[in-house]
Amino acid sequence: MVDVILGLQWGDEGKGKIVDFFASDYDIVARFQGGPNAGHTLYVDGKKVVLHQIPSGIFHQNTVNLIGGGVVLDPVILKKECDTVASFGADVSKNLFISERTNLILPTHRALDKASELSKGDGKIGSTLKGIGPCYMDKTGRNALRVGDILNKNFISQYIKLRLKHQKLLDNYHFTEDISAWEDEFFEAIEFLRTLNIVNGEYFVNNAIAEGKKVLAEGAQAAMLDIDFGTYPYVTSSSTISAGVCSGLGVAPQKIKDIIGITKSYCTRVGSGPFPTELHDAVGEELRQIGSEFGATTGRPRRCGWIDLVALKFACMINGVTKVVMTKADVLDKFENLEACTAYDIDGKLTQEVPFQMEGLNLQPVYQTRKGWHTDSSVLKKKEDLPKDMVAYIEFINNFIQAPIKYVSNGPGREQIISL
Ligand code: GDP
Ligand code: IMO
Ligand code: MG
């Protein structure tokens with residue numbers, strides 16, 4: 001069977017930490033979408049590691065890791081990541097597999113991402129500029145190069161054909177930056193990629209399931225950045241929700257068992273786009289400082305605000321979430337009161353539905369105030385230790401979103417998690 005861990009907000013909920021925590025219970029951890037726009041932070045022997053494309057199970061000797069067909073892969077970044085994880089003792093020759101169907105991010109995809117963002121003026125997405133959008137466009141446009149293609153003799157001619165197509169688009173954008181250095185490192189990285197375990201990903205996963213092995217699918221980004229259900233057009237270009245597991249790994253829906261959604265105890269967003277509960281005041285700044293809310297991939301300060309239960313409930317609905325993990329509970333330790341958004345006021349009308357389009361609306365969050373717990377929760381070890389006001393906050397959320405919080409994460413460390 002397959003369990004899934006995915007983000008329920010705008011990303012950076014702590015998916016990497018939680019996947020790492022559960023990974024030893026699984027035979028395979030598989031990324032099913034996204035690419036190097038993701039930054040998943042985990043701690044190995046107390047040292048911080050940020051993974052972008054390699055699944056967060058890589059530090060568990062008995063767990064193999066698959067980069068699934070739904071991922072867009074930058075081989076240059078992969079090569080660097082492989083060096084990093086090897087320095088922490090991971091063995092990629094034994095524990096990392098890549099699907100033949102995984103799409104390749106070319107240097108020109110990165111250039112196109114940059115050119116496209118520049119052309120948007122005030123309407124910038126705030127992309128990580130890793131080439132994600134242009135690569136998925138080539139996938140759906142039926143032009144893409146895939147990992148399996150690098151094993152073919154005609155790979156170079158396929159590359160040149162696509163590169164010429166991209167050059168015309170770049171010329172249209174008047175993009176003149178010299179990317180020949182990017183191409184040199186790309187081909188070096190392709191040589192390296194050829195040495196890794198390239199597999200038929202669908203059979204890899206389904207044969208394992210047939211043998212009774214356990215698979216954990218690891219999501220990147222999150223529901224509100226989903227290409228179909230996020231705050232479009234301020235979204236990423238992939239299916240970040242549980243449905244994406246089926247198309248990204250080639251597993252059938254009935255093989256999926258638990259869908260574990262991750263939410264912070266408050267809310268953040270990095271990049272542009274609607275964020276109803278965003279705080280532009282001292283409280284927002286306090287959340288950013290206490291929560292160290294700076295992007296794991298780009299270093300950008302994250303926008304911070306109170307938890308948005310309307311969006312969270314929507315995310316649970318479209319994902320079919322069976323269990324929730326609430327991370328960063330410790331970040332709220334010092335707050336006197338906590339606000340939780342339980343409705344949107346749109347032009348004086350209250351709603352508990354996420355509107356089709358949030359941009360340009362006169363939308364105000366409606367809050368219910370909850371009591372803070374004023375306890376150092378980062379040192380707590382078990383359910384019985386939790387302060388009663390934190391338990392009340394959790395119960396309030398459970399009731400609203402109609403899904404149970406089963407774990408509370410109370411610090412970035414591997415052991416800082418409490419089962420409820
Ligand atoms: P991901 O993209 O969902 O994997 O999340 P990121 O790694 O981008 O961001 C989460 C950040 O919060 C990282 O710096 C984690 O080390 C940190 N983190 C995760 N869980 C907790 C927690 O419970 N408390 C605190 N204080 N930090 C956490
Ligand atoms: P993880 O997996 C937070 C955001 C970008 C931008 C938008 C589109 O670490 O949670 P893209 O590079 O995909 O063209 O960017 O999506 N974004 C993320 N925000 N966490 C992420 O991943 C993100 N990946 C993309 O900031 O607003
Ligand atoms: Mg992240």
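In listed order, ligands and their atoms are each counted from 1.
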Of the listed options [options], closest to [atom] (non-hydrogen atoms):
atom                    : options                      : value
atom 10 (C) of ligand 1 : Val408, Leu51, Val325, Asp12 : Asp12
atom 1 (P) of ligand 2  : His52, Glu13, Gln221         : Gln221
atom 2 (O) of ligand 1  : Gly14, Gly39, Ala220         : Gly39
atom 5 (C) of ligand 2  : Gly126, Ser116, Gly230       : Gly126
atom 15 (C) of ligand 1 : Ile18, Thr41, Leu332, Val331 : Thr41

Give the atom numbers and elements of ligand 1 that come within less than 4.0 Å of a heavy atom of [X].
X      : answer
Gly16  : 4 (O)
Ser409 : 20 (N), 21 (C), 22 (C), 23 (O)
Ala296 : 8 (O)
His40  : 1 (P), 2 (O), 4 (O), 7 (O)
Tyr43  : 16 (O)

Among protein heavy atoms, which lies nearest [atom], and at what distance?
atom                    : result
atom 15 (O) of ligand 2 : Ser127 CA, 3.5 Å
atom 24 (N) of ligand 1 : Asp330 OD1, 2.8 Å
atom 20 (N) of ligand 2 : Asp12 OD1, 3.1 Å
atom 12 (O) of ligand 1 : Lys328 NZ, 3.0 Å
atom 10 (O) of ligand 2 : Lys15 NZ, 2.7 Å

Could you check Trp373 against Tyr393 for ring-ring contact (aromatic ring centres under 6.0 Å, His included), going step by step and ending with a plain yes or no? CA-CA 9 Å; Trp373 42 85; Tyr393 185 67; 5.7 Å; yes
Mode of [X] contact toward ligand 2 - side chain, backbone, both, neither (heavy atoms, under 4.0 Å):
X      : value
Arg300 : side chain
Trp10  : backbone
Lys130 : neither
Val235 : backbone
Val270 : both

Specify which N/O/S atom of Asp12 comes nearest to the Mg ion (ligand 3), by atom name. OD1
Is there any N or O on [X] that sits under 3.5 Å from an N or O of ligand 1?
X      : value
Gly411 : yes
Lys48  : no
Lys15  : yes
Lys17  : no

Are His52 and His40 an aromatic pair, judged by ring center distance below 6.0 Å? no
Please find out if less than 6.0 Å separates the ring center of Phe22 from that of Tyr407. yes
Worked check of side-chain hydrogen bond (donor to acceptor under 3.5 Å, both in side chains) between Glu183 and Tyr159: CA-CA 11 Å; Glu183 286 194 294; Tyr159 173 85; 2.4 Å; yes
Quick check on the Mg ion (ligand 3): does Gly39 put an N/O/S atom closer than 2.8 Å to it? yes
Heavy-atom distance under 4.5 Å between the side chains of Ser265 and Ile307, does that happen here? no
[atom1] of [X] to [atom2] of [Y]: how many Å apart, nearest 0.5 Å?
X      : Y      : atom1 : atom2 : answer
Gln33  : Thr240 : CD    : OG1   : 6.0 Å
Thr63  : Lys214 : OG1   : NZ    : 10.5 Å
Arg303 : Arg288 : CZ    : CZ    : 10.0 Å

Do [X] and ligand 2 have an N or O pair less than 3.5 Å apart?
X      : value
Asp113 : no
Leu129 : no
Ser237 : no
Thr128 : yes

Quick look: Arg302 vs ligand 1, heavy-atom contacts under 4.0 Å, and the answer is side chain
Where does Ile417 meet ligand 1, judged by heavy-atom distances below 4.0 Å: at the side chain, the backbone, both, or neither? neither
Could you list which atoms of ligand 2 come closer than 4.0 Å to a heavy atom of [X]?
X      : answer
Ala38  : 1 (P), 2 (O), 9 (O), 22 (O)
Gly11  : 3 (C), 10 (O), 20 (N)
Leu225 : 4 (C), 16 (O), 17 (N), 18 (C), 19 (N)
Ala220 : 2 (O)

Identify whether NZ of Lys or CZ of Arg in Lys313 sits under 6.0 Å from the centre of the six-membered ring of Phe400 and within 45° of that ring's axis. yes
Cation over ring, Arg300 on Phe294, under 6.0 Å and within 45°? no
Over all atoms of both residues, closest heavy-atom pair of Leu309 and Thr342: CD1-CG2, 4.2 Å
I'd like to know if Lys382 and Asp385 make a salt bridge, using a cut-off of under 4.0 Å between side-chain N and carboxylate O. yes
Going by an N to O cut-off under 4.0 Å, is there a salt bridge joining Arg302 and Glu293? yes
Would you check if the side chain of [X] reaches a backbone N or O of [Y] as a donor-acceptor pair within less than 3.5 Å?
X      : Y      : result
Asp281 : Val283 : yes
Ser99  : Gly68  : no
Glu117 : Ser127 : yes
Asp333 : His374 : no
Glu218 : Ser56  : yes
His109 : Leu106 : yes

Mind checking whether Gly39 has a heavy atom under 4.0 Å from ligand 2? yes
Does atom OH (Tyr232) have a neighbourhood of more than 12 heavy atoms from anything else shown, all under 6.0 Å? no
